[in-house]
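These notes are about the structure you will find just below.
So that the names make sense, note that chain A is the first sequence line, chain B the second, and so on, each numbered from 1. Atoms considered below: every heavy atom in the structure, side chains included; atoms not considered: hydrogens, waters and symmetry mates.
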Number of protein chains: 2
Amino acid sequence: MALSHLRQEFILHFGEMGSRWGINRTVGQIYALLYLSERPLCADDIVAALGVSRSNVSMGLKELQGWNLVLLRHIPGDRRDHFTTLDDLWQMLRTLVAERRKREIDPTLTKLRDLELLADTAPEDAVARARITEMRELIELLTGWHDDMARLETERLVALLKMGARLQKFISGPADVLSLGRVRQKGDTDGRA
Amino acid sequence: MALSHLRQEFILHFGEMGSRWGINRTVGQIYALLYLSERPLCADDIVAALGVSRSNVSMGLKELQGWNLVLLRHIPGDRRDHFTTLDDLWQMLRTLVAERRKREIDPTLTKLRDLELLADTAPEDAVARARITEMRELIELLTGWHDDMARLETERLVALLKMGARLQKFISGPADVLSLGRVRQKGDTDGRA
DNA sequence: CTGTCTTTTCAGAAATAACTGAAATCACGG
DNA sequence: CCGTGATTTCAGTTATTTCTGAAAAGACAG
């Protein structure tokens, strides 16, 4: 199967970036191929397009399904499994963030909490322990924020993101409308955009 | 150098997570060690604490400096280089996000833009091209938002994050104060302010 | 059940990344 | 300069990950 220049380039790029994104080349390429494809593809289509082994495609698809980034589709009258990416890019982003959080952040949060509960902390570890607490609190703030954002409808989320820094006006304006735990300190200026 | 149980566990965890975070075990461990340390450490301190080779430590430190996550410090009267992590965790987070963006996102944004400019796109690629545009627009929205956030003082940023989803009240109340509403769809042009 | 088509598993090969020790380079006091 | 100690480089080794082909397992029509 001959890929157009456009598709070829896109797919190769995803393959190369794969290692930086924590997935392997084939997985990146499979995702890219499916993303650009107008119809669901079966494993053999992917083999033909990418020139990798059938078993490699099988494993790659399994991994992508594990990430919930690729869906299994059945085509009537065809026994083979077919695959597509999520059609909604925002949904894809949500999934990606949720999965990365699950793999890259949550285990550390758990570990930090465990370490804080450790009974046998020596006095020499007081500072270390405080730093662990500090890190846990930072991560909790971020994951809590993410939980909030994940709950929003896409439309609202987009609006918030587009607002960007302008939102800060609502938390530090003359009326300080919500009076929520803001900590003003020395050197704090009204850094309006 | 004997590490306390607390430090040992923390360091080993960072080593194990390293691969998920796109850094190798030693780099993760060096960062963890420095993060918990109350004073700057020299390379030999790190060798003693982690039990890896001197050259490995040298390469790890170089990488961490490349990420701007570790600083070189000079101790008066000591010829050896000493190292610390950034003392401000928020600064660390900013650096981390900025560096990951530079490595994991910006190259793709550039590539997507290039592909959109490609002159020889065949009609059969119309849909593929539209999907590329869609992805570019999503990434631009996110990086634009990040640019905004990165500009804020930490205090304001924290306040915004703590607000979380409650902020949406400002953009979708009865009056729809800012009239930013519609969801993005295929074929949509960017339209960021 | 049997035969055919499809997918998965898995042991070993190939490719990549991480790590080491030795040698080279660098920095600086004398 | 020279000598000493610190750091970096790098070729070779080890460890890890990715990929493949062959075999096993699964699914379904007849």
Side-chain angles (χ1 to χ4, degrees), chain A residues 1 11-12 14-34 40-67 70-84 103-104, chain B residues 1 11-34 39-67 70-84 103-104:
Chain A
M1 183 191 285
I11 290 167
L12 291 179
F14 269 59
E16 285 163 22
M17 294 301 286
S19 53
R20 302 196 194 183
W21 296 335
I23 58 178
N24 67 42
R25 186 168 25 128
T26 306
V27 171
Q29 290 185 350
I30 293 173
Y31 183 83
L33 177 68
L34 292 175
L41 301 181
C42 70
D44 285 322
D45 294 335
I46 298 169
V47 168
L50 303 183
V52 297
S53 74
R54 181 66 183 74
S55 54
N56 199 1
V57 168
S58 179
M59 291 187 295
L61 286 168
K62 209 173 127 199
E63 180 168 351
L64 283 167
Q65 285 176 284
W67 280 77
V70 151
L71 299 175
L72 181 62
R73 283 284 186 75
H74 280 291
I75 305 279
D78 192 332
R79 279 168 60 178
R80 297 168 300 177
D81 292 342
H82 287 66
F83 300 88
T84 44
R103 289 153 213 252
E104 302 180 12
Chain B
M1 182 190 286
I11 289 167
L12 290 179
H13 177 81
F14 269 58
E16 285 162 21
M17 293 301 285
S19 54
R20 302 196 196 185
W21 295 337
I23 59 178
N24 66 43
R25 188 170 22 134
T26 306
V27 171
Q29 291 186 349
I30 293 173
Y31 183 83
L33 176 67
L34 292 176
R39 73 197 86 265
L41 301 181
C42 71
D44 286 321
D45 294 336
I46 299 170
V47 167
L50 304 183
V52 296
S53 74
R54 180 65 184 73
S55 54
N56 199 2
V57 168
S58 178
M59 291 187 295
L61 286 168
K62 210 174 126 201
E63 180 168 349
L64 284 167
Q65 286 176 283
W67 279 77
V70 151
L71 298 176
L72 181 61
R73 284 284 187 76
H74 279 291
I75 306 279
D78 192 332
R79 281 170 57 180
R80 296 170 300 177
D81 291 342
H82 287 66
F83 300 89
T84 44
R103 287 154 215 254
E104 301 179 13

**Prompt:** When you list every nucleotide of DNA chain D with an atom under 4.0 Å from a heavy atom of chain A, which one comes first 5' to 3', and which comes last?
**Reply:**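 So the contact region on DNA chain D extends D:dT18 to D:dA27.
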What is the separation between atom [atom1] on [X] and atom [atom2] on [N], rounded to the nearest whole Å?
X       : N      : atom1 : atom2 : result
A:Leu61 : C:dT7  : CG    : P     : 9 Å
A:Arg80 : C:dT8  : CZ    : C1'   : 17 Å
B:Trp21 : C:dA18 : CH2   : P     : 16 Å
B:Glu63 : C:dA17 : CD    : P     : 12 Å
B:Gln29 : C:dA18 : CD    : C1'   : 13 Å
A:Asp45 : C:dT7  : CG    : C1'   : 15 Å
A:Ile46 : C:dT8  : CD1   : P     : 11 Å
A:Asp81 : C:dC5  : CG    : C1'   : 12 Å

**Asked** Does B:Thr84 have any side-chain contact (heavy atoms from CB on, under 4.5 Å) partners at least two apart in sequence or in another chain, and if so, which?
**Response**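 Scan of B:Thr84 (side-chain contact (heavy atoms from CB on, under 4.5 Å), adjacent residues dropped) gives B:Pro40, B:Leu71, B:Arg73.
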Extract from the structure each pairing of a protein N or O with an N or O of nucleotides 22-30 of chain C at less than 3.5 Å, listing the distance.
{"from": "C:dA27", "atom 1": "N3", "to": "B:Arg79", "atom 2": "NH2", "distance (Å)": "3.3"}

**Prompt:** When you measure from the side chain of B:Asp45 to the backbone N and O of B:Cys42, does any donor-acceptor pair fall under 3.5 Å?
**Reply:**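 Checking the backbone N and O of B:Cys42 against the side chain of B:Asp45, a donor-acceptor pair under 3.5 Å is found.
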**Item:** B:His82 side-chain N/O to B:Arg80 backbone N/O, donor-acceptor pair under 3.5 Å
**Value:**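 A pair under 3.5 Å: yes.
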**Prompt:** Is there a side-chain polar atom (N or O) of B:Asn24 under 4.0 Å from OP1 or OP2 of C:dC19?
**Reply:**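 Checking B:Asn24 against C:dC19: at least one side-chain N or O falls below 4.0 Å of OP1 or OP2.
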**Request:** Would you name the heavy atoms of A:Leu34 and A:Phe83 that are closest together and state the gap between them?
**Result:**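 Shortest heavy-atom separation between A:Leu34 and A:Phe83 comes out as CD2-O, 3.4 Å.
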**Item:** Sugar-phosphate, base or nothing in reach of A:Ser19, heavy atoms under 4.0 Å
**Value:**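 The residue A:Ser19 makes no contact with any strand.
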**Message:** Considering every strand and a 4.0 Å limit on heavy-atom distances, what is the contact class for B:Asp44: base, sugar-phosphate, or nothing?
**Reply:**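 B:Asp44: no heavy atom of the nucleic acid under 4.0 Å.
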**Message:** Are the side chains of A:Ile30 and A:Leu33 in contact, using a 4.5 Å heavy-atom criterion?
**Reply:**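 A side-chain contact under 4.5 Å is absent here.
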**Side chains of A:Gln29 and A:Leu12 in contact at under 4.5 Å (non-hydrogen atoms)** =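 Result yes, sub-4.5 Å side-chain heavy-atom pair found.
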**Item:** Qualifying salt bridge (charged side-chain N to carboxylate O under 4.0 Å, His left out) pairs, either residue in residues 15-25 of chain A, two or more places apart
**Value:**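 Counting only pairs at least two positions apart or across chains, no salt bridge (charged side-chain N to carboxylate O under 4.0 Å, His left out) contact touches residues 15-25 of chain A.
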Let me have the donor-acceptor pairs involving side chains of residues 56-65 of chain A, under 3.5 Å, with sequence neighbours excluded, atom names and distances please.
{"from": "A:Asn56", "atom 1": "ND2", "to": "A:Thr26", "atom 2": "OG1", "distance (Å)": "3.1"}

**Selection from C:dT6, C:dT8, C:dC19 that lies nearest to any side-chain heavy atom of B:Thr26** =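 Minimum distance to the B:Thr26 side chain belongs to C:dC19.
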**Message:** Pick the closest DNA chain C nucleotide for A:Arg25 and for A:Arg54 by heavy atoms, then say which residue is nearer the 5' end.
**Reply:**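 First, find each residue's nearest nucleotide; the 5'-ward one identifies A:Arg54.
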**Message:** Checking A:Trp21 now: which residues fulfil ring pair (Phe, Tyr, Trp, His ring centres under 6.0 Å) with it, not counting sequence neighbours?
**Reply:**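 Applying ring pair (Phe, Tyr, Trp, His ring centres under 6.0 Å) to A:Trp21 gives A:Phe14.
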